[in-house]
There are 2 protein chains.
Amino acid sequence: MQEQTYTGQRILESALHLFSTRGYVGATTREIAKNAGIAEVTLFRHFESKEKLFESVLNTYSFLPALKGLLPQVADKPYEEAMLTIATRFYEKLTHRKEMIKLIQAEVQRYPEKLLSIHKTFVDELRQTLAGYFKDLQKKKILADFDPEIGAMAFLGMCFSYFNSQEILMHKKHTQKTKEETLSGFVKIFVRGTAV
Amino acid sequence: MQEQTYTGQRILESALHLFSTRGYVGATTREIAKNAGIAEVTLFRHFESKEKLFESVLNTYSFLPALKGLLPQVADKPYEEAMLTIATRFYEKLTHRKEMIKLIQAEVQRYPEKLLSIHKTFVDELRQTLAGYFKDLQKKKILADFDPEIGAMAFLGMCFSYFNSQEILMHKKHTQKTKEETLSGFVKIFVRGTAV
DNA sequence: GCATTTTGTAAGCGCTTACTTACATATTAA
DNA sequence: TTAATATGTAAGTAAGCGCTTACAAAATGC
């Protein structure tokens, strides 16, 4: 891949921000350049076209999943405590990737193959990692008998939806419960269930 | 509200479709008209401007929440069976509103107040309805002690996330488990938990 | 059968967009 | 100190967009 200069890097950062907030069409090359603090003609010296810039943004900011590295850290923790740590870290990772997630949701139909590939790689890694963790605990008879894949989907799903409503749909302005209370409540329900 | 003619109705349907797949900026009035099978000049005879058309689309296709009407139907069912019915109906309602949901996700930053209001009204109604149901069952000592609001968020969240990945991010092309298996698995986990 | 309403066709305006060319200036490297 | 490289300024092109005007044609209503 082309080595990025300082100017090129600023262009990419500006582009990610504007592509994710305005969409591909709504983000003009004029505005991307201005936001990056350069002349528009300079943008076209670094990137052949707007479309190539968009592709570079996707390549540069694709997900770097890291839940795998987290599991050894919670291996010796009690199950419920471990799940809370995983939920909190997952939320933090999503928050760091907020702009890329917004970009994928907004433009998934403009570049379906690429964006779905990025997203799927990310989701599959998460799901498989968490499902593997559940399988291990089931072998140790710590967990009940349920489909680990579905369990992973359920858990990540409720956390992602909460992240989505708080950070992307900005409901956090109207929320009374803290993130900690909410994630803790999710974990409690996931671990203990809701029936008597 | 202005009474919609047949032509006006087709324009609105075409606009919803193109606004949700291409975004507000990416959906041109030329294409909206063509897709509706009319001349572009006719579009401007029915709607003062592109922006007024967009607003009419929001007003016309705002959510019509209907989970409330469902609860009496499941009141006498066993808890787990009732939850599966609720999950299935919720998924169906989301599927019917797929384009509006896509529109909200894509354009929430262009029209934050309006779109967030629509979405929040929808989500609040769902959450409150489901939380009320949980409270009733808790009073009857059928459910454990947990925050009904957080329970509602967790349940709706995992269902929505699954819907989002299947129907909007189109992962269903790569999915082996059926929707029924997945929702059933979600409900089982939600009701019984995952710990032994 | 005629009047009214609705829509189509055609042309166009003013503006914006992505992108290019040419020359000047600033910065960096030799 | 000079050469090379990177960027800025200015002007411009071609295409497309939202929207309008004028007239013709089709559909509807009385």
Side-chain angles (χ1 to χ4, degrees), chain A residues 1-61 99 102-103 106-107 109-111 114-115, chain B residues 1-61 103 106-107 109-111 114-115:
Chain A
M1 191 194 302
Q2 177 192 19
E3 187 178 311
Q4 283 306 330
T5 63
Y6 176 62
T7 303
Q9 191 60 38
R10 282 192 0 261
I11 295 172
L12 286 167
E13 284 164 12
S14 173
L16 171 63
H17 176 66
L18 290 171
F19 282 146
S20 74
T21 55
R22 308 284 180 82
Y24 178 82
V25 179
T28 65
T29 49
R30 191 158 308 171
E31 256 189 291
I32 291 171
K34 188 178 178 185
N35 190 58
I38 62 164
E40 185 180 8
V41 64
T42 298
L43 188 153
F44 288 99
R45 285 176 179 139
H46 287 264
F47 299 91
E48 200 176 313
S49 66
K50 184 179 184 182
E51 188 163 352
K52 297 291 190 189
L53 170 59
F54 187 79
E55 288 170 10
S56 289
V57 166
L58 298 190
N59 290 336
T60 305
Y61 294 105
E99 291 196 314
K102 276 156 64 179
L103 177 59
E107 299 295 343
Q109 295 181 78
R110 188 177 307 275
Y111 294 86
K114 179 70 173 178
L115 291 178
Chain B
M1 192 194 305
Q2 177 193 18
E3 186 181 310
Q4 283 305 331
T5 64
Y6 177 62
T7 302
Q9 191 60 38
R10 282 192 0 261
I11 295 172
L12 285 168
E13 285 164 13
S14 173
L16 171 62
H17 177 65
L18 289 172
F19 282 146
S20 74
T21 55
R22 308 284 179 85
Y24 179 82
V25 179
T28 67
T29 49
R30 199 152 304 172
E31 255 188 294
I32 292 171
K34 188 178 176 186
N35 190 59
I38 62 161
E40 184 180 7
V41 65
T42 298
L43 188 151
F44 288 100
R45 286 177 179 133
H46 286 264
F47 299 91
E48 201 176 311
S49 65
K50 185 180 185 183
E51 187 163 351
K52 296 292 189 186
L53 170 58
F54 187 78
E55 288 170 11
S56 288
V57 166
L58 298 190
N59 290 336
T60 305
Y61 296 105
L103 176 59
E107 298 296 344
Q109 294 181 79
R110 188 177 308 281
Y111 294 87
K114 178 70 176 179
L115 291 179

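No hydrogens, no waters, no symmetry mates; every other heavy atom, side chains included, goes into these values.
- At a threshold of 4.0 angstrom between heavy atoms, the contacts of B/Ile38 are confined to the sugar-phosphate backbone, with no base atom among them.
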Query raised in the report: How does protein contact run along nucleotides 15-20 of chain D, one letter per nucleotide 5' to 3', with B for base contact, S for sugar-phosphate only, - for none, heavy atoms under 4.0 Å?
Result: --BBBB

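- Using a 4.5 Å heavy-atom threshold, the side chains of B/Leu103 and B/Phe54 count as touching.
- For B/Glu13, the side-chain hydrogen bond (donor to acceptor under 3.5 Å, both in side chains) criterion is met by no residue, not counting sequence neighbours.
- At D/dT7, one or more side-chain N or O atoms of A/His46 fall inside 4.0 Å of OP1 or OP2 (strictly under the cut-off).
- In this structure, the side-chain contact (heavy atoms from CB on, under 4.5 Å) partners of A/Glu55, at least two apart in sequence or on a different chain, are A/Glu51, A/Lys52.
- Every residue two or more places apart in sequence or in another chain that forms a side-chain contact (heavy atoms from CB on, under 4.5 Å) with B/Ser14 is listed here: B/Leu18, B/Ile32, B/Asn35, B/Ala36.
- The cationic atom of B/Lys50 (NZ for Lys, CZ for Arg) does not lie both less than 6.0 Å from the six-membered ring centre of B/Phe19 and within 45° of the ring axis.
- For the pair B/Thr7 and C/dT7, the criterion of a side-chain N or O lying under 4.0 Å from OP1 or OP2 is met.
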Report summary line: Contact string for nucleotides 24-30 of chain C, one letter per nucleotide 5' to 3', B = base within protein heavy-atom range under 4.0 Å, S = sugar-phosphate only, - = neither, reads -------

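- For residues 24-44 of chain A, the salt bridge (charged side-chain N to carboxylate O under 4.0 Å, His left out) pairs, not counting sequence neighbours, are A/Arg22-A/Glu31, A/Arg30-A/Glu40.
- In this structure, A/Phe47 atom CZ and C/dT20 atom P are separated by 15 Å, rounded to whole Å.
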